[in-house]
Amino acid sequence: MAEISIRSMRKSFGATSVLKDVALEIADGEFLTLLGPSGCGKSTLLRILAGLEVQTGGSLAIGERVVDGVRPKRRDVAMVFQSYALYPHMTVLENMALPLRMRRLSAWQRLPLVGRLLPGTKVTADQIDQDVRRTADALSIGHLLDRKPGQLSGGQRQRVAVGRAMVRQPAVFLMDEPLSNLDAKLRVQMRAEIKELHKRLGVTFVYVTHDQSEAMTMSDRVAVMLDGELLQVAPPQEIYADPDDRRVAEFIGSPKINMLEAKLREDGFAETAGTSFSIPADLAHGTTLALGIRPEAFHLVDSHGENVLTGSVRLTEHMGSDLYVHLAVPGSDHPVIARLLAERAPHITSGQTLHLGVKPERLLLFAADGRRLRPDNRPNGTVLRMKEHA
Amino acid sequence: MSIAASSAEQQAGSASVTPATRAALRRQRISETLAAWALAGPALLLLVTLFFLPVFAVFAIALTDWQFGASSLSFVGFDNFREVFADEGFRASLINTILYAVIVVPGTIMLGLVIALLIESGKSCRAFYRAIHFLPFMATLTAMAIAWEALLHPTIGLVNQTLASLGLPTANWLRDANTVLPVLAMIGIWQNLGYAMVLFLAGLKSIPQDLYDAADIDGADLWLDRLRTVTLPMLGPVTMFVFIVVALRAFETFDTVQVLTQGGPGHASEMLLFTLYRESFEYLRTGYGASVAVVFLAIVVTLTLIQARVMDKRVHYQ
């Protein structure tokens, strides 16, 4: 069993605080992705899990055992690095055998020449060889065992790195952007393979990436990190549809979510961009808030009215099944981007005036400080009343 | 549209090469050739006059009995070489040089590596340690040799005085046939150490941290395991380079012999370059000296070839 429990984890490099009080529980066998832009602290958190970095404060337990100060070797974790970190002077076989040699053979038995003569070395070495070959076959790299990393393609190196992590059957797999050095096509393929591997091994995976599509497609849960803070930890669909924070909403989704700054009127409507939206939340009037509208939340309507954005088309992008429409709306510097189904959209030209309707329940409301404002009746939402401003 | 049209034009052009375009192509080729010679010419000229011609001249002189300053010479074939290999003095000189290299090269590499690892592992005063270890390499060896002579002086030298005060046996280091070569080798190590250290430090810096991290996770986290799994193999190319450079410098040793021992006592500290110098410019037997130079060149070229061919493949992991 290898659930991971991270409690009030802090890390600073000098005066720079990289992790600010991060708390996270990862279930046994879960595939959890740490997602965030570069420099958000996700790799540092992973390195603390691995034992390569020592935290400034907080505590970490893997499988009910507190591992603070425990050497990486004794943590029962394996790691796949972004650069793969294969030993260039060793063959694939030697690379994959190293973790086993270090664990199963004594320092004397590992000595060159002399080690082989010691009792038990040969039996253990043969066993290691068999284990490596079995793992290599499972990853279809059995034919590469005699080659050196320099002779392998990026995808093959990646598999060897996974193989080296897999061969000693760790309780936790840590992966630090393992796909970012691969070309786009191979990345999609390896994405599926890693997911498959997780299913087959059934152990805990902690996966670090800045690529939201990797996070969304592979994970059981996604932990979105920004500036050293965990903003939200939830299944991919929930992260997308029900973000807790404006930054999460803006980070996830492509094209980016549209954000319209609005002010709440007395009649419960929010005024922005030349129109007004009915707000389901129970908020005091005068509140400033941001309306988040996903590009696909728009639908075409015939005329202007409440809950309808009207503007002139600046640009259209045909994406095959979808049509992206960039709409200039009054009072906003950025164009609003709408994603319409190509087959249902009429012929749209630049300069044309377009009316886009939004159903009120598809509006995501954010307070001025970026927190999500949820209507009172949402069962899983935090009830936010901001009447104190009245 | 315009792209498609121009590519169609290109296709039409390549399909039927007219005499006019062929002439234009030839003109272009000629001007390219001229440009190439004009660019490579100066370097080539220097290389020929300063390197190839002198080497050729040495080969030629080695086949004559020319004496420095003499107005006449005669062709003697390989007599000089026969004499060189029959000469006890030359053989002693060759063996001394090889022994010297056998002490200096491993000594320099090992000490240089150890010092580089020590400097890299500590955090304080790195620049200071780098500088003091690199100083001997920067200093003029002739001047340093005089300092060493003072240190090794049999009666007033610091070395013997220190040994005597500790009750240890002393020696006349530079006048004793048993100690002179090891002592010269020590000075050689002292001088080359800084150079090896700087190269090793650069090599250590270029080892990716990821490899150490991977070694930690794989269980190779003890000092010796890390050294064997990551550091030493990754320093392979640097070590090879240091090996060749220090070996060449060891074979070229001249200053210390000239200043400290003059090859003595007897032939005990005579080395190839000193023999060459003495035969050519003191005894003025230029033909004989030239044949020594040829042998010397053969050794140096062999060393370089070893680097280029055999070892290169084994230390660059491609």
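Side-chain atoms are counted along with the backbone in the values below, which use heavy atoms only and exclude waters and symmetry mates. Each chain gets a letter, A, B and so on, in the order its sequence line appears, and its residues count up from 1.
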Do the side chains of A:K73 and B:D218 get nearer than 4.5 Å, heavy atoms only?
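They are not in contact (no side-chain heavy atoms under 4.5 Å apart), so the answer is no.
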Is there a side-chain contact between A:P88 and B:M234 (heavy atoms, below 4.5 Å)?
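Contact flag for A:P88/B:M234 side chains = yes.
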Indicate the atoms forming the closest heavy-atom contact of [X] with [Y], along with that distance.
X: B:A220; Y: A:M102; answer: CB-CE, 3.7 Å
X: B:I217; Y: A:R103; answer: O-NH2, 3.1 Å
X: A:R110; Y: B:R228; answer: O-NH2, 3.0 Å
X: A:R71; Y: B:D221; answer: NE-OD2, 2.7 Å

Residue [X] versus chain B: region with a heavy atom under 4.5 Å:
X: A:L98; result: both
X: A:L86; result: backbone
X: A:F81; result: side chain
X: A:V80; result: neither

Quick one: does A:H89's side chain have a donor or acceptor within less than 3.5 Å of a partner on B:L232's backbone?
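Between the backbone of B:L232 and the side chain of A:H89 there is no qualifying donor-acceptor contact (under 3.5 Å).
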Does A:Y87 use its side chain to pair, donor to acceptor, with the backbone of B:P233 at less than 3.5 Å?
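It does not hold such a pair.
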Is [X] atom [atom1] crowded by more than 12 heavy atoms from other residues, nucleotides or ligands, each under 6.0 Å away?
X: A:Q169; atom1: CD; answer: no
X: A:D146; atom1: CG; answer: no
X: B:Y129; atom1: OH; answer: no
X: A:F13; atom1: CZ; answer: yes

For the candidates A:A165, A:S83, A:P170, which exhibits the highest count of non-hydrogen atom pairs separated by less than 4.5 Å from chain B?
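Option with the top pair count is A:S83.
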Any salt bridge between B:D213 and A:R47, counting N to O under 4.0 Å?
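Yes, this pair counts.
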Any residue meeting side-chain contact (heavy atoms from CB on, under 4.5 Å) with B:L163, in chain and number order, not counting sequence neighbours:
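Result, side-chain contact (heavy atoms from CB on, under 4.5 Å) vs B:L163: B:V159, B:N160, B:L168, B:T170, B:W173.
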